[in-house]
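All residue numbers refer to positions in the sequence shown, counting from 1. This one's a predicted model, so the numbers in the text were calculated from it and none came from an experiment.
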Amino acid sequence: IKSQQSEVTRILDGKRIQYQLVDISQDNALRDEMRALAGNPKATPPQIVNGDQYCGDYELFVEAVEQNTLQEFLKLA
């Protein structure tokens, strides 16, 4: 999980895209909110969300980077 989180933040920093990290490890309510947004009761971090719009998980994030569709994935375009 840590390496995936680091990869996401590295890519976002490199593209100068602002983000906010949410640590769900100490708060069950935040974990439940993440899982509700993801629509998956077993979802694990990192999950990418723009406001209250769910974007996807790590695999979908990497796929968007590889396909040069990150702006659309992040719902910025």
Side-chain angles (χ1 to χ4, degrees):
I1 291 176
K2 284 284 188 197
S3 64
Q4 291 179 350
Q5 290 171 332
S6 295
E7 179 72 1
V8 170
T9 58
R10 184 189 65 76
I11 290 168
L12 293 176
D13 287 342
K15 296 188 177 292
R16 298 178 187 211
I17 297 172
Q18 292 183 351
Y19 59 89
Q20 176 184 1
L21 295 176
V22 178
D23 182 0
I24 65 162
S25 65
Q26 302 299 317
D27 190 335
N28 287 339
L30 288 174
R31 182 172 49 246
D32 292 345
E33 181 181 355
M34 175 200 73
R35 289 176 171 166
L37 284 167
N40 178 351
K42 297 189 186 313
T44 58
Q47 299 291 325
I48 292 83
V49 177
N50 183 350
D52 61 356
Q53 291 188 308
Y54 179 69
C55 300
D57 61 10
Y58 174 76
E59 286 78 19
L60 292 173
F61 176 85
V62 169
E63 184 178 305
V65 171
E66 290 172 354
Q67 294 180 356
N68 202 24
T69 58
L70 187 58
Q71 293 286 319
E72 292 80 1
F73 171 81
L74 296 172
K75 302 184 183 341
L76 298 173

_Value rounded to 0.5 Å, distance of CD1 in I24 from OG1 in T44_ = 8.0 Å

*Can you see which heavy atom on R35 is nearest to which on P41, and at what distance?*
CD-O, 3.2 Å

*Where is the tightest heavy-atom contact between V22 and L30, given as atom of each residue plus distance?*
CG1-CD1, 4.0 Å

*Any chain of hydrophobic side-chain contacts (each under 4.5 Å) joining L21 to V8?*
yes

*Hey, quick one: are Y19 and I1 part of the same hydrophobic cluster, counting side-chain heavy atoms closer than 4.5 Å, chains of contacts allowed?*
no

*Which pair of heavy atoms, one from M34 and one from A43, lies closest together, and at what distance?*
CE-O, 3.2 Å

*Nearest heavy atoms of Q4 and P45, plus distance in Å*: OE1-O, 4.1 Å

*Any pair with a residue in residues 17-32 that passes salt bridge (charged side-chain N to carboxylate O under 4.0 Å, His left out), sequence neighbours left out, goes on the list, sorted by first then second residue, please.*
none

Output a table of donor-acceptor pairs, distance under 3.5 Å, between side-chain atoms of residues 57-71 and any protein atom two or more places apart or on a different chain; print 'none' if there are none.
residue	atom	partner	partner atom	Å
D57	OD1	E59	N	3.3
D57	OD1	L60	N	3.0
T69	OG1	A64	O	3.4

*Taking only residues two or more places apart in sequence or in another chain, which ones pass salt bridge (charged side-chain N to carboxylate O under 4.0 Å, His left out) with R10?*
E7

_In one Ile/Leu/Val/Met/Phe/Trp/Tyr side-chain cluster, 4.5 Å: I11, I48_ = yes

_Is it the case that over 12 heavy atoms from other parts of the model lie below 6.0 angstrom from the NZ atom of K15?_
no

